[in-house]
Chemist: 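Once you've had a glance at the structure underneath, I'll fire off some questions.
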Amino acid sequence: MTQNLADTSRPAAVPAAEPTAEPIATNAGASRGWWRDAVIYQVYPRSFADGNGDGMGDLPGVRSRLPYLRDLGVDAVWLSPFYASPQADAGYDVADYRAVDPMFGTLLDADALIRDAHQLGLRIIVDLVPNHSSDQHEWFQRALREGPGSPLRERYHFRPGKGAQGELPPNDWESIFGGPAWTRTVDPDGTPGDWYLHLFAPEQPDFNWENPAVADEFRSILRFWLDMGVDGFRIDVAHGMVKAPGLPDLGSHDQLKLLGNDVMPFFDQDGVHEIYRAWRKILDEYPGERIGVAEAWTPTVQRTANYVRPDELHQAFNFQYLGTHWDAAALREVIDVSLDAMRPVDAPATWVLSNHDVTRHATRFANPPGGTQIRTAGDRELGLRRARAATLLMLALPGSAYLYQGEELGLPDVTDLPDEVRQDPSFFRQAGQDGFRDGCRVPIPWSGTEAPYGFGPTPGGPSWLPQPASWAELSVEVQTGDPTSTLELYRSALAVRREHPALGAGTAVSWLPSAEGVLAFRRDSAAGSFVCTVNTTPEPVRIAAPGRLLLASAELAVVDGESVLPTDSAVWWAV
Ligand code: GLC
């Protein structure tokens, strides 16, 4: 049951590829449009693997675990930010876009990681944070130092305040992390000065994308990383860079509730698409199909599709899918709506269940429907059962799927972190009202019986967030070789997905008649057909087997010649 995680003796699923700009052979094959059905694994570097034992994950740690990801069977790895950053928002506050933060390693480590990944047939996608920088970014520091009139101030949104003394914020916008979206500066002479805009934490001033220096700088940053060999970018807050002219008031003081329902003066403005048209040209200059992926929170999937028109980005996260509860009718609807929205723009649908900003789906599904920030552990067994089924459903849909590190271990969210260890800035801004993202960011368990469970090199060594003792039983080491484990379910699912091109390919599913609470759909390809059945009900459901069993998220029984779909299960069939 043990696994040597550094073991690279197992032959790669594909031939090794050149580590540079040439197209590489990945787990998915080297076909055109590799990203159309790619399975992309999100590494949150702080919490994946700690190479130097300081309690914080790092790039050498990630590099040492690449064989694990190759063997898991994913096609690409998306790394959350590892750039130079004061870490006010866990690296989403970037002080230098061309440097690796010493806590994560060096540029040489990044280079070695990209090369190793390519040799293993894995593509690398890095996070780009263009909506805002860190307040420690050189431009912002100079803007503050040089005072009003500095051309550097034009690169951000500085404005005089309202009120007789300029003591009120320039407009009524609220920060996503709570409180006003404006912070007042102090002029170089010590008197209160202008305000600056930050849609997130005060340490994350928003860039002014109307300023050509900002656009130039980001085109150069894109090239810097493309020249390093990365295969694409996940674009943070991709819907935020362009603000409505004049920064108009919203007229509401419950703005967070409006998010996702409407186009806001600071989100999803049409002007943002110009930026992506320019970026697409740059991506296309490089060989090997480098891609852009939008993190765009939009009111509808149809508006999300705007980000992936043929001359813009390649993919956009499907947050409507992520937000859907374990309910057959709701799932069927979001699947149809997503596929319908992407078809006209010829972009693949994407599917995602977890990431570093939301409660892990094993815990969301363990609780009654309640959004993506859940604070209670709920019924762990129920959540895991549904999570395993949800994964098989997701991996049977046409398009590209995103996995978040640790979901392959069935990890729950850590809902009982003591307040004193929390680091999510939104937790503090909201005085504990929201901001529970630390629960999905706890370092993952690899091996051993003592924390940090192989996350760091030394038993008993540190980890930046404490891991629950129960995670000893969920480690990669414990789950490897156990056919009932969630890890082996993921490995099998990804292996089957590669063998059956009908999975992932295409742009449609054919729904089959099914009982209430059960989903059944068929996928056809030249290489064969495939059926997925999902029982979301609390009762087992009998069906006539539609074909040969390929994989099931729970044990299937056969009664009187019929198959019994266990409660909260998904089954793949070859037909
Ligand atoms: C994105 C990131 C999130 C971050 C925010 C501000 O939503 O995923 O982690 O806090 O942007 O950069």
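Nothing fancy with the numbering, it's 1 onward along the sequence. Both counts, for ligands and for their atoms, begin at 1 and track the order of listing. Being a predicted model, the structure only gives us computed values, none of them experimental.
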Chemist: For Phe177, give me all partners under ring-ring contact (aromatic ring centres under 6.0 Å, His included), at least two apart in sequence or on another chain.
Modeler: Phe200

Chemist: Can you confirm whether or not the ring centre of Tyr404 sits under 6.0 Å from the ring centre of Trp78?
Modeler: no

Chemist: Quick check: do Arg123 and Ile291 have side-chain heavy atoms less than 4.5 Å from each other?
Modeler: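 They are not in side-chain contact.
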
Chemist: Between Gln269 (side chain only) and Met264 (backbone N and O only), is there a donor and an acceptor less than 3.5 Å apart?
Modeler: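 Yes, because the side chain of Gln269 sits within donor-acceptor range (under 3.5 Å) of the backbone of Met264.
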
Chemist: Give me the pairs of N or O atoms, one from ligand 1 and one from the protein, that sit under 3.5 Å apart.
Modeler:
residue, atom, partner, partner atom, Å
ligand 1, 7 (O), Glu295, OE1, 3.3
ligand 1, 7 (O), Glu295, OE2, 2.7
ligand 1, 8 (O), Arg234, NH2, 3.0
ligand 1, 8 (O), His356, NE2, 2.8
ligand 1, 8 (O), Asp357, OD2, 2.5
ligand 1, 9 (O), His356, NE2, 3.0
ligand 1, 9 (O), Asp357, OD1, 2.7
ligand 1, 9 (O), Asp357, OD2, 3.4
ligand 1, 9 (O), Arg437, NH1, 3.3
ligand 1, 10 (O), Asp89, OD1, 3.3
ligand 1, 10 (O), Asp89, OD2, 2.5
ligand 1, 10 (O), Arg437, NH1, 2.9
ligand 1, 11 (O), Asp236, OD1, 2.9
ligand 1, 11 (O), Asp236, OD2, 3.2
ligand 1, 12 (O), His132, NE2, 2.9
ligand 1, 12 (O), Asp236, OD2, 2.9

Chemist: Decide yes or no for Trp464 and Asp50: does some side-chain heavy atom of the first lie under 4.5 Å from some side-chain heavy atom of the second?
Modeler: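 With C-beta onward as the side chain, the pair stays apart.
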
Chemist: So do Pro265 and Trp173 actually touch side chain to side chain, heavy atoms under 4.5 Å?
Modeler: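 Sidechains of Pro265 and Trp173: in contact.
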
